[in-house]
Amino acid sequence: MFKKPCLFFGLFLLLAVPMLAQQPAQYSMYMLNTFNWNPAAAGTDNALDVTVGYRQQWAGLPGAPTSQYFLAQMPLAIVRSGIGLKLENDGIGAQGNTAFALAYNYQMPINNSILAVGLAAGMSQYRLDGSVIRTPGGVYSGGLINHEDNLLSSNSETGIAPALEGGVYFKNPKFNAGLGIRNINSPTITLNQLQYQLKRAYFFTAEGNFQLNNKFSVHPSIFVRTDAVQLQVDAGVIMRYNDNIFLGGTLRGYNSSSLDAVAIIGGFKLNQKFTIAYAYDLTLSSLQRVSNGSHEIVLRYRIKEGFGSIRPPKIIYNPRFL
């Protein structure tokens, strides 16, 4: 069984070493927060959309990851564009990251489809709490914290750096897909004597929309994320009833070494504007021996009918009033 001090140190090492695919936070309901991965998706639903989410990963495991995000997006039909705001906080063990970004995209109509190209710019703050780190050779007794390591502080340290994102996104009534890139500039955050690099990461999302009849629709999806070295894949399907109640699931992993979890997803509309969704992950990796699965909840507020979808009428000048 893991001991708590060793766990804190182990979880710190998990992200401190160059494991690029481990840096972005993990979410099972990726199909509900596409804008989080791709700035080109902002406003493409012709709706004012505000989404908040919370995830507790590997519940019951001390120092396990917790993540929260806030997304707001809307179209600017008058200039065929979309704008958005992203806020995200992620913590694991002794470390954490808080980031925000403003996004803009330009949307090009193609028949009944949209092709969007977007950019986002913001800041990322990395923090490391040295008071909870425990090293094998450290001294921790009588309130003393001495890591016996000149690079590690016993206090909390923070650093910030600018971060850039980009993406392309295609959408039509039956299908959408996009490719987003996070940390295009691969910024380095300095903490006293330590340096932490935000590695470039790539996210591919795709989702179908198949209407079975006037009540039921099926939405298969896939989510691929990679740092060009490591790769992880989520694949799932959601069934919707009357565009109100939905139920489905996803599988994370594509082979024996990447198999991580099965997520059960469900949700419904509280009214015409609010939707609530919940996901529970059944852990398939070796962490199932020391955790109680993962919990995720999403609350979404949307004003869609006519919002941003109508361009202003053409101005006709009457010579009588010139």
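The analysis underlying the following values was restricted to heavy atoms, covering all of them including side chains, and did not include hydrogens, waters or symmetry mates. Predicted model only: the values in this text are computed from it and were never measured. All residue numbers refer to positions in the sequence shown, counting from 1.
- Residue Leu87 qualifies as enclosed at atom CG: its count of foreign heavy atoms under 6.0 Å is above 12.
- Applying side chain to side chain contact (heavy atoms under 4.5 Å, CB included) to Tyr27 and the options Asp234, Asn33, Leu32 leaves one that passes, Asn33.
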**Report entry** Test side-chain hydrogen bond (donor to acceptor under 3.5 Å, both in side chains) applied to Asp129 and Ser156, step by step
**Finding:** CA-CA 4 Å; Asp129 187 355; Ser156 180; 4.8 Å; no

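- Considering all non-hydrogen atoms of both residues, Ser28 and Arg55 come closest at OG-NH1, 3.2 Å.
- In terms of the salt bridge (charged side-chain N to carboxylate O under 4.0 Å, His left out) criterion, residue partners of Asp260 (sequence neighbours excluded) are, by chain and number, Arg252.
- Checked against Trp37 for a ring pair (Phe, Tyr, Trp, His ring centres under 6.0 Å), the options Tyr202, Phe223, Tyr69 give a single hit: Phe223.
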Requested in this report: Start with the C-alpha gap between Ile160 and Thr158, add the side-chain angles, then the distance that decides, and say whether side chain to side chain contact (heavy atoms under 4.5 Å, CB included) holds.
Outcome: CA-CA 7 Å; Ile160 61 173; Thr158 61; over 6 Å; no

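- Atom OG1 of Thr44 and atom CG of Asn105 lie 7.0 Å apart (nearest 0.5 Å).
- Ion pairing of Lys199 with Asp227 is absent here, as no side-chain N (NZ or NE/NH1/NH2) approaches a carboxylate O to less than 4.0 Å.
- The pair Asp45-Arg302 meets the salt-bridge criterion, since a charged nitrogen lies less than 4.0 angstrom from a carboxylate oxygen.
- Stacking of Lys86 on the aromatic ring of Phe35 is recorded, both the 6.0 Å distance cut-off and the 45° axial limit being met.
- For the side chain to side chain donor-acceptor pair (under 3.5 Å) with Tyr126, the lone residue among Gln195, Gln95, Gln197, Glu157 that qualifies is Gln95.
- If you chain together hydrophobic residues whose side chains sit under 4.5 Å apart, Met74 and Ile114 never meet in one group.
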